[in-house]
Visitor: 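Provided herewith is a single structure, encoded as structure tokens, for subsequent inquiry.
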There are 2 protein chains.
Amino acid sequence: MNEHPLIARRSLAAELVGRLRDMIIEGTLKAGDKISEPDLCDLFGVSRTPLREALKVLAAEGLVDLTPNRGSRVARIAPEAVEELFPIMGMLEALAGELACARLTAIDLARLEAMHAAMVGHWQRGEWVPYSALNRRIHEEIFRIAGNATLASLYQNLMVRIHAVRFVARKTPGRWAEAIEDHERMMAALRARDGAALSGLMREHLRHKADVVHEALRQLGAPEQG
Amino acid sequence: MNEHPLIARRSLAAELVGRLRDMIIEGTLKAGDKISEPDLCDLFGVSRTPLREALKVLAAEGLVDLTPNRGSRVARIAPEAVEELFPIMGMLEALAGELACARLTAIDLARLEAMHAAMVGHWQRGEWVPYSALNRRIHEEIFRIAGNATLASLYQNLMVRIHAVRFVARKTPGRWAEAIEDHERMMAALRARDGAALSGLMREHLRHKADVVHEALRQLGAPEQG
DNA sequence: GACTTGAATTTTGCATTCATTATTCATTCT
DNA sequence: AGAATGAATAATGAATGCAAAATTCAAGTC
């Protein structure tokens, strides 16, 4: 009768979904790569049944492309897909900001202030990696404060889909400064608990992010054929 | 080397995903129902392997709840989940409206005008079923015009999740008139190609829809235990 | 030498089988 | 009688087996 079993037992398929998703996100499995069922079965020491179930789930998430009778490959994100995703993510961030403002506690604000200050510090010292990590955590924190689990998981899912642009999204100094400015304004809106303002700012922030990715993709040119 | 094979062959699992989704949406499989693998295998005349793959996909979509070693049931939508979904759908509609305004052609507008007029006709004659169908098609048309496939499919997915409230969403005459008014204003914004206005109106329209569902759910009270 | 043709191999889709876990139901004990 | 225990039954999770499809590769043709 227990809703949440105390000892969480995951099925092999569920475990594989997580492992494979991580491998795709971190780049062990690269976009466009053919996924060999026998090889992966070997690697994980499982049979094809749970692996295939996992691949079906990842295909539903948009991380894997399945072609009947012709196997599966890691999904390749087309530049058009990126163009489609960013406006959506912008809207979801905007909503998150709005909701977060309405529910923001003093403790939440203090935590965000601290994270923001630390992030600015990383920027000043030119520490890209910790900056990125903290940046991501700030956005996650806003979604947490928003208190809409569906919204958060939806955003997560879309974020995962654009994993591949993570590497190309190297900001120029100017773009980096712009991002910091965006965040400064966002903090101001949060302090003022101005939901509408924060909403607009976050959408704009995402638009800037989209621009950065766009510039990077354009520089790289058309991705090689798989 | 064909990207899109001419003869579309679907796997059994893919076929089952579609069939089961339809069964859930149309109510043949009711929310909270236990899903018996042997029974469904019997019904469709397939083995458990493709059926289980299909259930995993539906679980990823949020239509089915899987509990390890304890089988699967049709997902029950909690009122809180509805409360979480509507603001999201509102934002997505808002974005669709904005994009649609920017890309609207004269032909698109004419088609929408015709659909709108027909829908108003159904309203005047109190024809609920064709009204609903046309209402849905108008919204779909706006998403089509918006030209963002990812946005459309995301919206579809969320729409499917709230299938169960479809039955409770009987509008009162006042609410129905409100919905018509919303649509009148939306048409005006479209004619003026005022993206910002349409965006706001569609979000408000969704808020009204949420209110209707909320009232209905409150009247029904807490859903019976599965 | 490049293009086809077709057999050998590999991979995929699905059914079946086996082990493990949950559920049901009869029996026992308080 | 009602709760507790355990055997019988059914379900789920995962591995294996098998047929159909795709891929590979070597031989033959122009």
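What you see is a predicted model, and the numbers here were worked out from it, not measured in a lab.
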Visitor: Just how far, in rounded Å, is P of D:dA15 from CG of A:Leu16?
Guide: 9 Å
Visitor: Contact class for A:Leu66 vs. all strands (heavy atom < 4.0 Å): base, sugar-phosphate, or nothing?
Guide: nothing
Visitor: Please report the distance, rounded to the nearest Å, between CG in B:Asp42 and P in D:dA11.
Guide: 11 Å
Visitor: With no hydrogens and no angle check, just 3.5 Å: does a side-chain donor-acceptor pair link A:Asn135 and A:His183?
Guide: yes
Visitor: With respect to the side chain of A:Lys34, which nucleotide from C:dT12, D:dA14, D:dT12 is positioned closest?
Guide: C:dT12
Visitor: With respect to the side chain of A:Asn69, which nucleotide from C:dG13, D:dA15, C:dC14 is positioned closest?
Guide: C:dG13
Visitor: Let's see if you can work this out: which of D:dG13, D:dA22, C:dT12 has an atom nearest to the side-chain heavy atoms of B:Arg52?
Guide: D:dG13
Visitor: Mapping B:Ser72 and A:Ser47 onto DNA chain D by nearest heavy atom, which one lands closer to the 5' end?
Guide: B:Ser72
Visitor: What is the separation between atom CZ on A:Phe44 and atom P on D:dA14, rounded to the nearest whole Å?
Guide: 14 Å
Visitor: Tell me the interatomic distance from B:Glu37, atom CD, to D:dA14, atom P, rounded to whole angstroms.
Guide: 12 Å
Visitor: Check for a donor-acceptor pair, side chain of B:Thr67 on one end and backbone N or O of B:Arg70 on the other, with a separation under 3.5 Å.
Guide: no
Visitor: Can you tell me how far C1' of D:dA11 sits from CG of B:Leu51, to the nearest Å?
Guide: 13 Å
Visitor: How close or far is atom C1' of C:dT12 from atom CD of A:Glu53, stated in whole angstroms?
Guide: 15 Å
Visitor: Hey, are A:Arg136 and A:Glu140 close enough for a salt bridge, meaning a charged N less than 4.0 Å from a carboxylate O?
Guide: yes
Visitor: Has B:Arg70 got a side-chain N or O lying under 4.0 Å from the OP1 or OP2 atom of C:dT23?
Guide: yes
Visitor: Should the pair B:Glu15-B:Arg19 be classified as a salt bridge under the 4.0 Å nitrogen-to-oxygen rule?
Guide: yes
Visitor: With DNA chain C as reference, determine whether B:Arg48 or B:Ala13 sits nearer its 5' end, using the nearest nucleotide of each.
Guide: B:Ala13
Visitor: Mapping A:Ile35 and B:Val46 to their closest nucleotides on DNA chain C, which lands nearer the 5' end?
Guide: A:Ile35
Visitor: Please report, rounded to the nearest Å, how far the P atom of C:dT10 is from the CG atom of A:Asp39.
Guide: 12 Å
Visitor: How is A:Thr49 classified with respect to the nucleic acid when contacts are heavy atoms under 4.0 Å: base, sugar-phosphate, or nothing?
Guide: base
Visitor: Indicate, with a heavy-atom threshold strictly under 4.0 Å, whether A:Lys56 touches base, sugar-phosphate, or nothing.
Guide: nothing
Visitor: Check each of A:Lys209, A:His139, A:Arg203 against A:Glu93 using the side-chain hydrogen bond (donor to acceptor under 3.5 Å, both in side chains) test, and report the only one that passes.
Guide: A:His139
